[in-house]
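Below: the structure, in structure tokens.
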Amino acid sequence: MQPVETLIMPRLIHPLAGVVALLTIAAFWLSTVISELFLARDVVIAVKTTIPWGFLLLVPALAATGGSGVFLSQGQRTGLVGKKLRRMPFIAANGILILIPSALFLAARARSGLFDASFYGVQALELLAGATNITLLGLNFRDGLKLTQWRRKSRPKPA
């Protein structure tokens with residue numbers, strides 16, 4: 001049997017890191033859309049050049065979420081746990097192959113003031129990939145809540 005600490009820490013880290021990751025990606029996405037649609041070019045430049053710095057928060061949060069999730073799954077690959085685990089490679093690949101390179105490209109273009117067809121094409125791809133990751137992480141969050149629902153229901157109610 002595992003010590004209590006080895007079970008408690010991942011159960012605390014997993015949802016916290018998952019929420020941080022989801023909110024960070026949502027903040028990137030929303031700040032991009034709002035700045036592009038409603039704000040001045042200087043704000044767009046600030047948003048696009050700041051997003052890569054957010055990777056310093058996002059990447060460890062995603063790593064902690066994934067690592068603690070694999071630990072908590074304890075080898076289980078079926079049901080909701082299996083669904084969550086099957087989504088993770090898509091989330092990771094989307095981030096590594098599309099989102100990070102796009103953000104770096106857009107930051108460099110914005111810093112240089114190059115808002116051309118390439119910028120907006122990559123911007124559209126980044127928004128689509130970001131929306132996909134928000135959706136997949138949201139589904140994992142929902143399924144995580146379902147998985148822990150039995151623990152909340154089985155706790156005795158305070159008197």
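Only heavy atoms go into these numbers, but all of them, side chains included; no hydrogens, no water, no symmetry mates.
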_Could you check whether atom CZ of Phe105 has more than 12 heavy atoms from other residues, nucleotides or ligands sitting under 6.0 Å from it?_
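It does: Phe105 CZ has more than 12 such atoms within range.
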*Is the number of heavy atoms from other residues, nucleotides or ligands under 6.0 Å of Tyr120 OH greater than 12?*
yes
Between [X] and [Y] (side chain of the first, backbone of the second, donor and acceptor by atom type, cut-off under 3.5 Å), is there such a pair?
| X | Y | answer |
| --- | --- | --- |
| His14 | Ser68 | no |
| Ser35 | Val44 | no |
| Asp143 | Leu80 | no |

Let me have the donor-acceptor pairs involving side chains of residues 49-60, under 3.5 Å, with sequence neighbours excluded, atom names and distances please.
residue, atom, partner, partner atom, Å
Thr49, OG1, Ile45, O, 2.7
Thr49, OG1, Ala46, O, 3.3
Thr50, OG1, Ala46, O, 2.6

State, with a plain yes or no, whether a side-chain heavy atom of [X] is found less than 4.5 Å away from one of [Y].
| X | Y | result |
| --- | --- | --- |
| Val43 | Val47 | yes |
| Lys84 | Leu147 | yes |
| Trp29 | Val33 | yes |

*When rounded to the nearest 0.5 angstrom, what distance separates CZ in Phe119 from CG in Leu106?*
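If we round to the nearest 0.5 Å, Phe119:CZ and Leu106:CG are 5.0 Å apart.
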*Roughly how far apart are Leu136 CG and Ile91 CD1, rounded to 0.5 Å?*
5.0 Å
*Non-neighbouring partners of Arg77 that pass side-chain contact (heavy atoms from CB on, under 4.5 Å), sequence neighbours left out*: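 Arg77 satisfies side-chain contact (heavy atoms from CB on, under 4.5 Å) with Ser73, Leu85 once adjacent residues are dropped.
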_Which residues share a side chain to side chain donor-acceptor pair (under 3.5 Å) with Ser31, sequence neighbours left out_ =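 Side chain to side chain donor-acceptor pair (under 3.5 Å) check on Ser31 returns nothing, list empty.
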*Carboxylate-amine/guanidinium proximity below 4.0 Å for Glu126 and Lys48*: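 A salt bridge links Glu126 with Lys48.
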*Between Phe115 and Arg109, is there a cation-pi geometry (under 6.0 Å to ring centre, at most 45° from the normal)?*
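Judged by the rule (NZ or CZ under 6.0 Å from the ring centre, within 45° of its axis), Arg109 is not positioned above Phe115.
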_side chain to side chain contact (heavy atoms under 4.5 Å, CB included) between Met88 and Asn140, intermediate numbers included_ = CA-CA 9 Å; Met88 288 311 295; Asn140 275 5; 3.4 Å; yes
